[in-house]
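Quick notes on the structure that follows.
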Amino acid sequence: MVGRIYQLFYWELFRYMKKSTGSMAEAEDIVQETFLRALEHSDLINTMSEVKCRSWLYRTAKNICIDRIRHVQAEPVLTAKDYLEDDFTRTEVLQMCSVLDPKDKALFLLRYFEGYNANELGEMYGLPSSTIRARLMAARQKLKEFYPELKKKGGK
């Protein structure tokens, strides 16, 4: 049944999400996640009519969209650029991160390039979010020690 509703409603749902988000990439991500959830709930989907499946898909996609908006509003995503005075390329930042311990480098990149917050990283690594924040602060400090040009104006 999931394969059938995918064929029936993918493009319709995609157009709806594109209009809602204004982004093809975001719409594609939301629709993909919606159908993944449909697969996870295939036992429920298989008992529904096509009309109810369509309604379920739209409601699920809308909820995913709302969750993403709340996530963005809850904690603004900082980028490596927020910590750099000059506009370094991603490659340059990756090279600079080579001075970090591999685990701290991974945390740093996940946080500042992928947008994960300390709570999410804590769940991924099985650590308290306060430990994640402390490790990120230590990583930023180490980068500033090795690369004084990273310090923002005013000595921060």
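Just so you know, these numbers come straight off a predicted model, no measurement behind them. Numbers for residues simply follow the sequence, beginning at 1.
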Self-check item: Residues in ring pair (Phe, Tyr, Trp, His ring centres under 6.0 Å) contact with Tyr125, at least two apart in sequence or another chain
Solution: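 Counting only residues at least two positions away or on another chain, Tyr125 forms no ring pair (Phe, Tyr, Trp, His ring centres under 6.0 Å).
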Any idea which heavy atoms bring [X] and [Y] closest together, and the distance?
{"X": "Asn119", "Y": "Asn117", "value": "N-OD1, 3.0 Å"}
{"X": "His41", "Y": "Trp56", "value": "ND1-CZ2, 4.1 Å"}
{"X": "Phe35", "Y": "Tyr6", "value": "CE2-CA, 3.4 Å"}
{"X": "Ile5", "Y": "Cys53", "value": "CG2-CB, 3.8 Å"}
{"X": "Leu109", "Y": "Cys97", "value": "CD2-SG, 4.3 Å"}
{"X": "Val31", "Y": "Met17", "value": "CG2-CG, 4.0 Å"}

Taking the side chain as every heavy atom from C-beta outward, state whether [X] and [Y] have any pair of such atoms under 4.5 Å apart.
{"X": "Leu127", "Y": "Arg135", "result": "yes"}
{"X": "Leu110", "Y": "Met124", "result": "yes"}
{"X": "Glu40", "Y": "Arg37", "result": "yes"}
{"X": "Ile66", "Y": "Lys62", "result": "yes"}
{"X": "Tyr116", "Y": "Leu107", "result": "no"}

To the nearest 0.5 angstrom, please state how far the [atom1] atom of [X] sits from the [atom2] atom of [Y].
{"X": "Ile30", "Y": "Asn63", "atom1": "CD1", "atom2": "CG", "value": "11.0 Å"}
{"X": "Tyr10", "Y": "Leu57", "atom1": "OH", "atom2": "CG", "value": "12.5 Å"}
{"X": "Thr34", "Y": "Leu39", "atom1": "OG1", "atom2": "CG", "value": "11.5 Å"}
{"X": "Thr60", "Y": "Ile45", "atom1": "OG1", "atom2": "CD1", "value": "7.0 Å"}
{"X": "Leu136", "Y": "Arg111", "atom1": "CG", "atom2": "CZ", "value": "7.5 Å"}

Quiz item: Pairs in or reaching into residues 120-131: which pass salt bridge (charged side-chain N to carboxylate O under 4.0 Å, His left out), with residues at least two apart or in two chains?
Solution: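 As it turns out, there is no salt bridge (charged side-chain N to carboxylate O under 4.0 Å, His left out) pair with a partner in residues 120-131 once direct neighbours are skipped.
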Quiz prompt | Any pair counted as salt bridge (charged side-chain N to carboxylate O under 4.0 Å, His left out), so long as it reaches residues 41-58, sequence neighbours left out | solution =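 For residues 41-58, and leaving out neighbouring residues, the salt bridge (charged side-chain N to carboxylate O under 4.0 Å, His left out) pairs sorted by first residue read Arg4-Glu50, Glu12-Arg54.
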Quiz prompt | Mutual orientation of the aromatic rings belonging to Phe14 and Trp11 [parallel < 30°, tilted 30-60°, perpendicular > 60°] | solution =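 Answer is perpendicular, since the angle exceeds 60°.
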Self-check item: side chain to side chain donor-acceptor pair (under 3.5 Å) partners of residues 13-28, not counting sequence neighbours, each pair once
Solution: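 Non-adjacent pairs meeting side chain to side chain donor-acceptor pair (under 3.5 Å): Glu26-Arg68.
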Quiz item: Heavy-atom count around Tyr58 OH within 6.0 Å, excluding the residue itself: above 12?
Solution: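 Buried by this count: over 12 neighbours within 6.0 Å.
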Quiz item: Are Leu44 and Val51 joined in one hydrophobic group, where the rule is that I, L, V, M, F, W and Y side chains link up if heavy atoms are under 4.5 Å apart?
Solution: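 No.
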Practice problem: Using modelled atom types only, decide if a donor and an acceptor are shared between the side chain of Lys142 and the backbone of Val99 within a distance under 3.5 Å. | Solution: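 Yes; judged by distance alone, with no hydrogens or angles, the pair exists.
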Exercise. Identify, with sequence neighbours excluded, every residue that meets side chain to side chain contact (heavy atoms under 4.5 Å, CB included) alongside Ser130.
Key: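 Partners of Ser130 by the side chain to side chain contact (heavy atoms under 4.5 Å, CB included) criterion, ordered by chain and then number, come out as Pro128, Arg133.
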